[in-house]
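Accompanying notes for the structure given below.
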Amino acid sequence: MAMTLLEDWCRGMDVNSQRALLVWGIPVNCDEAEIEETLQAAMPQVPYRVLGRMFWREENAKAALLELTDAVDYATIPREMPGKGGVWKVIFKPPTSDAEFLERLHLFLAREGWTVQGVARVLGFENPRPNPDAEMPAGMLNYILDNVIQPLVESIWYKKLTLFSGRDTPGPGEEPFDLWLEHSNEVIQEWQVSDMEKRRRLVESLRGPAADVIRILKNNNPSITTAECLKALEQVFGSVESSRDAQVRFLNTYQNPGEKLSAYVIRLEPLLQKMVEKGAIDKDNVNQARLEQVIAGASHSGAIRRQLWLTGAGEGPAPNLFQLLVQIREEEAKDEEEAAEAALMQLGMKGRF
């Protein structure tokens, strides 16, 4: 309904719907000054003008149509904004890849004091021959390629983050914070783009209170990094588990029936790293703590456990995670081979009778 209203309203006013925003959920008793104050506070970096307001009967609230008056980074447009009477919602048509490219190009050139026409003229696209008197700043063309064109090409296929709002009850398509953070850290490491582009994609996944937190941080510090954004979100929405709680959870995690020892070690690792984050254990003691817990928590009583006990009793340093897993997997392979041979022998003995 909201998108239909946006498109119909734009069509009636001869406005490009991809250059417009629809804001709704505005209380009926909210006057023009209050609307403008709320919009400016929520979108300080978005150039716009209000084209009109109307009463939307289906929502029992006002709606406002805004036109973007200049190039804009769509990641800076909030999907929701705090306003009089509660949360006001914002909708706009996602730009096509061509439109997004032009927006980024205009934004970049504007920051550098250039225009598309100026660049084209310097490169000779408006003259039969390049203008020998015009000089483009060193590295300008390469910078455009690296920071405008290449990120756009990558944005066509990049793996997007799941949604997170920070609300007590996650909405459709949203995830609890711990799952969202774990997934986001993995995906962000895969992105081969600038930190500014990573931050844009991160903001793209946020809704509600979580988006408000990052918006406030960006207003106070426009150069805030992606890592700092994630850290802030963790401080606001992450668990308040103490160092003692993390230690107890680690020490009370045991191998499950039927679970391979190697799988147990992998399941144990995030709990160990959480202890390090909480300061419950020093980084220098991580390998020893891992080995001791694997020995104590393993339900396996065969050669693997004995081998680990001998490793822990030795005078050398405890193995790191990779070395421990290699050692365990080798022993598991031997056990599986012995089990297969025993099964074959059992089948052979049955065949004699």
Side-chain angles (χ1 to χ4, degrees), residues 21-27 34-48 66 72-92 94 107 151 155 158-191 193-242 245-246 270 273-274 277-279:
L21 310 177
L22 179 68
V23 181
W24 83 96
I26 305 171
E34 290 174 313
I35 294 175
E36 187 63 38
E37 182 181 354
T38 300
L39 294 175
Q40 289 180 0
M43 304 187 299
Q45 299 177 357
V46 178
Y48 70 87
L66 281 58
V72 63
D73 181 355
Y74 284 88
T76 63
I77 302 176
R79 298 285 185 168
E80 296 178 342
M81 62 179 69
K84 183 178 180 180
V87 175
W88 299 1
K89 297 182 180 180
V90 183
I91 192 171
F92 55 90
L107 280 171
S155 69
Y158 77 87
K159 185 176 181 181
K160 294 189 176 183
L161 303 180
T162 51
L163 300 179
F164 175 69
S165 68
R167 298 187 180 94
D168 293 338
T169 302
E174 297 178 1
E175 287 190 341
F177 180 72
D178 289 342
L179 292 177
W180 177 85
L181 182 63
E182 181 179 357
H183 174 262
S184 298
N185 281 325
E186 293 176 356
V187 173
I188 289 174
Q189 289 181 2
E190 297 174 2
W191 291 340
V193 293
S194 66
D195 190 72
M196 181 180 296
E197 176 65 13
K198 288 182 178 181
R199 190 185 68 182
R200 185 192 71 80
R201 297 177 184 181
L202 171 65
V203 172
E204 189 180 65
S205 73
L206 301 177
R207 303 288 185 270
D212 292 339
V213 168
I214 299 304
R215 176 178 57 80
I216 293 171
L217 290 176
K218 286 177 63 179
N219 288 342
N220 293 332
N221 178 17
S223 61
I224 187 171
T225 65
T226 305
E228 289 171 338
C229 289
L230 290 172
K231 186 65 176 177
L233 290 171
E234 186 173 11
Q235 290 173 343
V236 176
F237 301 104
S239 64
V240 292
E241 186 180 45
S242 67
D245 292 336
Q273 296 305 321
K274 180 63 69 173
E277 291 178 16
K278 296 294 182 179

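What you see is a predicted model; the values in this text were computed from it and never measured.
Geometrically, Arg79 engages Phe92 in a cation-pi contact, judged by NZ or CZ lying under 6.0 Å from the ring centre and within 45° of the ring axis.
Remark: Asn221 engages Ser223 in a side chain to side chain donor-acceptor pair (under 3.5 Å) (not counting sequence neighbours).
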Test salt bridge (charged side-chain N to carboxylate O under 4.0 Å, His left out) on Lys274 and Glu277 and set out the steps. CA-CA 5 Å; Lys274 180 63 69 173; Glu277 291 178 16; 3.5 Å; yes
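Contact between Arg167 and Gly208 at its shortest, heavy atoms only, is NH2-CA, 3.8 Å. When every heavy atom of Asn219 is checked against every heavy atom of Pro44, the shortest pair comes out as OD1-CG, 3.6 Å. Scanning all heavy atoms of the two residues, the minimum distance from Gly83 to Thr38 falls at CA-CG2, 3.9 Å.
A donor-acceptor pair under 3.5 Å links the side-chain atoms of Arg207 to the main chain of Glu204, judged by distance alone. Under the 3.5 Å distance criterion, the side-chain polar atoms of Glu197 are left unmatched by any main-chain donor or acceptor of Ser194.
For the atom pair Lys218 NZ and Arg199 CZ, the distance stands at 4.5 Å (nearest 0.5 Å). Note that the OG1 atom of Thr225 and the CG atom of Leu217 stand 10.5 Å from one another [nearest 0.5 Å]. Taking NZ from Lys84 and CD1 from Ile35, the interatomic distance works out to 9.5 Å, rounded to the nearest 0.5 Å. How far CG of Leu230 is from CD of Glu228: 10.5 Å, rounded to the nearest 0.5 Å. The distance from the CG atom of Asp195 to the OG1 atom of Thr226 is 3.5 Å, given to the nearest 0.5 Å.
More than 12 heavy atoms of other residues, nucleotides or ligands lie within 6.0 Å of CD in Gln40, so this atom counts as buried by the packing criterion. Annotation for Lys89: atom NZ does not count as buried by contact number, only 12 or fewer foreign heavy atoms lying within 6.0 Å.
Using a 4.5 Å heavy-atom threshold, the side chains of Arg215 and Met81 count as separate. Side-chain contact between Leu233 and Leu206: present, with at least one pair of heavy atoms (C-beta onward) separated by less than 4.5 Å. With contacts defined as side-chain heavy-atom distances shorter than 4.5 Å, the pair Pro27/Trp88 qualifies. The closest side-chain heavy-atom distance from Leu161 to Trp191 is below 4.5 Å. Side-chain atoms of Pro78 and Met43, non-hydrogen and from C-beta on, do get closer than 4.5 Å to each other.
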Identify all side-chain donor-acceptor contacts of residues 180-189 below 3.5 Å with residues at least two apart in sequence or on another chain.
unit_1	atom_1	unit_2	atom_2	d
Trp180	NE1	Thr162	O	2.8
Ser184	OG	Trp180	O	2.7
Asn185	ND2	Leu181	O	3.2

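Each of Glu175, Glu80, Glu174 was checked for a side-chain hydrogen bond (donor to acceptor under 3.5 Å, both in side chains) with Ser165, and the lone residue meeting it is Glu174.
Using cut-offs of 30° and 60° for the angle between ring planes, the Phe177 and Phe237 rings count as tilted.
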